[in-house]
Amino acid sequence: PEPAPPERGPPEPDPPEPGVLERGAPRLSSGHVEFCPTPMNTVHVITPYSKVYGKHPSLFNYDRKGEMQLNDKGVAALMEDGADLDVD
């Protein structure tokens with residue numbers, strides 16, 4: 001029988017292109033997303049969840065009945081802000 005070929009590890013990654021951050025390098029976020037302008041671009045209005053639900057989603061959970069319940073963060077915010085977070 002022939003000897004088994006030597007085992008090889010995973011292939012080496014290609015080097016990054018000039019101007020591209022290497023994997024693991026810190027990236028600064030401006031908080032904005034930009035796309036190249038094309039005739040296919042469209043604009044959509046997006047309603048913030050806080051407007052849809054009456055409060056920020058990080059402030060509540062839903063119970064078994066599907067009813068909105070403030071979580072600990074929501075209760076703390078309610079105590080700080082009062083009427084701004086009233087549950088409907």
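When reading the values below, keep in mind they use all heavy atoms of this one structure, side chains included, and skip hydrogens, waters and symmetry mates.
- Closest heavy-atom contact between Ser58 and Lys73: OG-NZ, 3.5 Å.
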Exercise for the section: Show your working on side-chain contact (heavy atoms from CB on, under 4.5 Å) between Lys55 and Phe60 and close with a plain yes or no. Expected result: CA-CA 8 Å; Lys55 58 192 63 56; Phe60 66 89; 3.5 Å; yes
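- Taking CG from Asp72 and CG from Leu59, the interatomic distance works out to 11.5 Å, rounded to the nearest 0.5 Å.
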Practice task
Apply side-chain contact (heavy atoms from CB on, under 4.5 Å) to Gln69 and Tyr62, showing your working.
Solution key: CA-CA 6 Å; Gln69 298 293 316; Tyr62 289 104; over 6 Å; no
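- Formation of a donor-acceptor pair under 3.5 Å by the Asn61 side chain with backbone atoms of Met68 is not found in this model.
- Nearest heavy-atom pair across Pro57 and Ser50 is CD-N, 4.4 Å.
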